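If you scroll down you'll find the structure; I have some questions about it.
None of the values given here were measured: they were computed from a predicted structure. Residues take their numbers from the sequence shown, with the count starting at 1.
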Amino acid sequence: MALRICLVTPFAWSQPHPVNEHVAGAADALRVLGHDVTVLAPSTRARDLAAGRRTLRQLARGDPRLDDFVALGPALPLAPRNRIGVPVGVRANLGLVLTKGAFDVVHGHEPGLASLSYLALRDTGTIAVATFHDPERLGYPPGKAQRARLLGRIDALTATSPATAAAVAARYPGDYRLLPAGVDTELFAPAAEQRRFVLEWDPDARAVARTAIRALRALPGWELAVLRPSGLAGRPYVPRDLRDRVSVHVVGPAGVRSALLGGAAGLVAGTDESSRLRLEAAATGTPLIAPPARLAQPELVAAEMQRLAGDAEYRRQQSKDARASTETEGFAQLGQALDELYRSLLRRRRAPETSDPLEDRPWILADLHMHTEHSHDCSIPVADLLDHAERIGLGAIAVTDHNVFAGALEAVKLARGRRLRVIPGEEVKTDGQGEVIGLFLEQEIPRGLPMGETIAAIREQGGLVYLPHPFDRLHAIPDAATLHRHLAEIDVLEVFNARLLRDSFNDEAARFARKYNLLAGAGSDAHVLQGVGTGLVRMRAFETPEEFLLSLRSAEILRRPKSLLYLQGLKWVAQARERRVRASAQ
């Protein structure tokens, strides 16, 4: 099955950049596999911007066709601590493409910058993948809560090297999948041997550069090509007697680098282990000189250069080993890895149901989350709760006391003979990962278990797993990794909880449920009678857990909120009254 894939890079597409080269190679490899791939990026080229405006106008008129590349606006300077953000017009263009593009996957690169990649991952409603390339490009978003929100929307965290994954995980914790860095093994291929070394200019390793240049004195007939990352990056000092054997170049198009690296005897590398130049040199069979551990002894650089220059057999073996190290790092391997990753993530999304097997049943109103006096923070008698629920027209309620099941058992017993359907449940506090509600339970589940064990205990009773207020960051909730790990085990996700302080918490839950086609639930989370019915589900009448799930397929979420301050005040008054009664009884 062909997928519609959106790759987003924050760097100007009109300028050479290692991340853009990775993205371009990945896009080509995915297209070879039959996928429809669109790259979104800024650009400084007028031709790109004009073509991007035409594509956006067509998209706004309802034409879903997209070019291989769409420029969303002009490029802005990017820095890890940049707070300028993305212009409003560019944000609008991105929103239009994400909304109308009907993508199966949105893949953002370097989202640790205030850029298009961050916004794309934050705003997309489909499968989201993030790739980090350079651990130095971190710093956004600045707040921990913002990063947690972003992680909740990312389905897979990836990195192009183990060092990058380890460094980034400190700021964006999670399980990282390593991707091939991506190199064009046809362009960067072994060539005829040249009497040339290549130096990657690194201002932080000036001693190494000086040593490599001076080593030429002991290597008659050999040359050194210096590659600078940009024209503003400075250049090493070259003694007068060696200037005719040292050439300085700015890292430019891939063809230029390929010509310099092809056939070279060695690359004197800088300190950046994630440098693409290292990978490209290895692909051409150019041995690496001076790994970071050896930079403290620059004299070893000269020794290695002399050995490579004077020992042809050693040079060929090192070249063979370098080439072999890139066998799994090509763009073809990157495309295969991404194809497997995307398909595995799409399997998380549940197939939508269009039929209504309970269409002959009457509609009822159900409140799926509430408490009684058996909860430590509630004083509603069970009998009063049932009477009130019937009086306001509810057809079903779920009694879900905190870490206790006695209230649910009492409610089921008192509801016999009534038209009101009572679902016995319990809101169980897990070991540091928020709370899980078990519906249709038969016995109490102990608190303090890991989420996986809590879910297993619910399943053992034939109960249903209902996840309450999953994004209420003012309370303990599951982190992003835990939520995604147990995604397949969630029967119902609560998309509206009437007691949440911020509507954005409920909106994020609704967005999450839509993304994976999860069954949506709602509840008042009432701790006083006046709160009952403020969050409801309009659904078909049901009897069994299986019918309950079938009914939720065609259900409608109803919001009837009351002032949270008013309800919380009533709760405090009730708790104070109960404390006075207990004190007087003693």
Margin query: Applying salt bridge (Lys or Arg N to Asp or Glu O under 4.0 Å) to Arg502 and Asp507, what does each step give before you reach the verdict?
Written below: CA-CA 9 Å; Arg502 298 178 182 173; Asp507 294 341; over 6 Å; no
Next item on the list: For residues Leu151 and Pro173, report the shortest heavy-atom separation together with the two atoms involved.
Entry: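 Shortest heavy-atom separation between Leu151 and Pro173 comes out as CD1-O, 3.8 Å.
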Check: Any side-chain heavy atom of Arg149 within less than 4.5 Å of one from Arg473?
Finding: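 Result yes, sub-4.5 Å side-chain heavy-atom pair found.
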Notebook entry, point to check: Should the heavy atoms of other residues, nucleotides or ligands under 6.0 Å from CZ of Arg343 be counted, would the total exceed 12?
Noted result: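 More than 12 heavy atoms, drawn from other residues, nucleotides or ligands, come within 6.0 Å of this atom.
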Check: More than 12 heavy atoms of other residues, nucleotides or ligands under 6.0 Å from NZ of Lys515: is that the case?
Finding: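 Correct, the count exceeds 12.
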Notebook entry, point to check: Arg459 and Glu489: salt bridge (Lys or Arg N to Asp or Glu O under 4.0 Å), yes or no, with the steps?
Noted result: CA-CA 9 Å; Arg459 294 282 192 214; Glu489 301 166 306; over 6 Å; no
Notebook entry, point to check: Heavy atoms, side chains only, cut-off 4.5 Å: are Phe512 and Leu467 in contact?
Noted result: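 The answer is no; the side chains never approach within 4.5 Å.
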Check: Do any N or O atoms from the side chain of Gln333 and from the backbone of Gly330 form a donor-acceptor pair under 3.5 angstrom?
Finding: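 Pair found, side chain donor or acceptor close to backbone of Gly330.
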Checklist line | From CG (Asp36) to CG (Leu30), nearest 0.5 Å | finding: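 Reported to 0.5 Å precision, the distance equals 11.0 Å.
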Margin query: Side chains of Leu464 and Leu441, heavy atoms from C-beta outward: is any pair under 4.5 Å?
Written below: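 No - every pair of side-chain heavy atoms lies 4.5 Å or more apart.
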Checklist line | Intermediate values then yes/no, side chain to side chain contact (heavy atoms under 4.5 Å, CB included), Thr99 and Leu96 | finding: CA-CA 5 Å; Thr99 302; Leu96 175 64; 5.9 Å; no
Checklist line | Asn517 CG: over 12 foreign heavy atoms closer than 6.0 Å | finding: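 Buried by this count: over 12 neighbours within 6.0 Å.
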Item checked: Phe548 and Phe542 aromatic centres sub-6.0 Å ->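 Yes, ring centres under 6.0 Å apart.
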Note to self: Between Glu427 and His369, is there a side-chain donor-acceptor contact under 3.5 Å, judged purely by atom types and distance?
What the structure shows: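 Note: His369 and Glu427 side chains meet the donor-acceptor criterion.
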Check: So which heavy atom on Ile557 is nearest to which on Ala522, and how close?
Finding: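 Where Ile557 meets Ala522 most closely, the heavy atoms are CG2-CB, 3.9 Å.
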Check: Do you know which two heavy atoms are closest between Tyr118 and Pro111, and how far apart they sit?
Finding: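 It is CB-O, 3.6 Å.
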Item checked: Non-hydrogen side-chain atoms of Thr126 and Val105 separated by less than 4.5 Å ->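 No, side chains not in contact.
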Item checked: Salt-bridge contact Arg418-Glu390 (side-chain N to carboxylate O under 4.0 Å) ->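 Judged by the 4.0 Å cut-off on N to carboxylate O distance, Arg418 and Glu390 do form a salt bridge.
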Note to self: With side chain to side chain donor-acceptor pair (under 3.5 Å) as the criterion, how do Thr158 and Thr131 come out once you've worked through the C-alpha distance, each side chain's angles and the decisive distance to 0.1 Å?
What the structure shows: CA-CA 5 Å; Thr158 64; Thr131 294; 2.5 Å; yes
Next item on the list: For the residue pair Ile445 and Val436, establish whether any side-chain heavy-atom pair is separated by less than 4.5 Å.
Entry: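 Contact flag for Ile445/Val436 side chains = no.
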Note to self: Let me confirm one number: the CE-CG distance from Met539 to Leu558, rounded to the nearest 0.5 Å.
What the structure shows: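 Taking CE in Met539 and CG in Leu558, the distance rounds to 11.5 Å.
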Note to self: If I take atom CD1 from residue Ile477 and atom CG from residue Asp472, how far apart are they, to the nearest 0.5 angstrom?
What the structure shows: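 So the CD1 of Ile477 and the CG of Asp472 are separated by 7.0 Å.
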Check: Do you see a donor-acceptor pair shorter than 3.5 Å between the side chains of His107 and Tyr342?
Finding: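 Distance-only check passes for His107 and Tyr342.
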Check: Residues in side chain to side chain donor-acceptor pair (under 3.5 Å) with His22, at least two apart?
Finding: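 Scan of His22 (side chain to side chain donor-acceptor pair (under 3.5 Å), adjacent residues dropped) gives none.
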Checklist line | Heavy-atom pair of closest approach, residues Thr124 and Arg511 | finding: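 Between these two residues, the closest heavy atoms are O-NH2, 2.6 Å.
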Next item on the list: Could you give me the CA-CA distance, side-chain angles and deciding distance for Glu435 and Lys429, then say whether salt bridge (Lys or Arg N to Asp or Glu O under 4.0 Å) is met?
Entry: CA-CA 4 Å; Glu435 296 171 309; Lys429 190 172 185 63; 5.1 Å; no
Note to self: Ignoring hydrogens, what is the shortest heavy-atom contact between Leu157 and Gly174? Give both atom names and the distance.
What the structure shows: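 That closest heavy-atom pairing would be CD1-CA, 3.9 Å.
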Note to self: Evaluate Arg4 against Asp104 for salt bridge (Lys or Arg N to Asp or Glu O under 4.0 Å), listing each step before the verdict.
What the structure shows: CA-CA 5 Å; Arg4 284 181 65 86; Asp104 296 300; over 6 Å; no
Notebook entry, point to check: For Val495 and Asn506, what are the C-alpha separation, side-chain angles and deciding distance, and is it a side chain to side chain contact (heavy atoms under 4.5 Å, CB included)?
Noted result: CA-CA 5 Å; Val495 302; Asn506 283 322; over 6 Å; no
Notebook entry, point to check: Any ion pair linking Arg91 and Asp123 (charged N to carboxylate O, less than 4.0 Å)?
Noted result: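 Here Asp123 does not pair with Arg91 in a salt bridge, since their nearest N and O are not under 4.0 Å apart.
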Item checked: Side-chain touch Ile364/Arg540, heavy atoms, less than 4.5 angstrom ->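 They are not in side-chain contact.
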Next item on the list: Work out which heavy atom in His35 is nearest to a heavy atom in Met1; give both atom names and the distance.
Entry: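 Closest approach of His35 to Met1, heavy atoms only: CE1-O, 3.8 Å.
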Note to self: So, taking the atom named CG in Leu518 and the one named CZ in Arg349, what distance separates them when rounded to the nearest 0.5 Å?
What the structure shows: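 Those atoms lie 11.0 Å apart.
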Notebook entry, point to check: Rounded to the nearest 0.5 Å, how far does CD of Gln443 lie from CZ of Phe405?
Noted result: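 These two atoms lie 8.5 Å from each other.
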Item checked: Side-chain donor-acceptor pair present, Asp339, Gln336, cut-off under 3.5 Å ->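 No, no side-chain donor-acceptor contact under 3.5 Å.
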Check: Is there a side-chain contact between Thr9 and Glu110 (heavy atoms, below 4.5 Å)?
Finding: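 Heavy-atom side-chain distance check fails, nothing below 4.5 Å.
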Notebook entry, point to check: Can Glu494 and His469 be said to form a side chain to side chain donor-acceptor pair (under 3.5 Å), step by step?
Noted result: CA-CA 6 Å; Glu494 188 173 73; His469 41 71; 5.1 Å; no
Checklist line | Test item: Leu116 and Leu40 side chains (from C-beta on) under 4.5 Å apart, heavy atoms | finding: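 SC-SC contact between Leu116 and Leu40 ruled out.
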Check: Of all residues at least two apart in sequence or in a different chain, which pass the side chain to side chain donor-acceptor pair (under 3.5 Å) check with Arg485?
Finding: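 If we apply the side chain to side chain donor-acceptor pair (under 3.5 Å) test to Arg485, skipping adjacent residues, the hits are Thr482.
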Next item on the list: Starting at NE2 of His388, measure out to CG of Leu420 and round the result to the nearest 0.5 Å.
Entry: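 Taking NE2 in His388 and CG in Leu420, the distance rounds to 11.5 Å.
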Notebook entry, point to check: So, His376 versus His371, ring centres under 6.0 angstrom or not?
Noted result: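 So the answer is no for these two rings.
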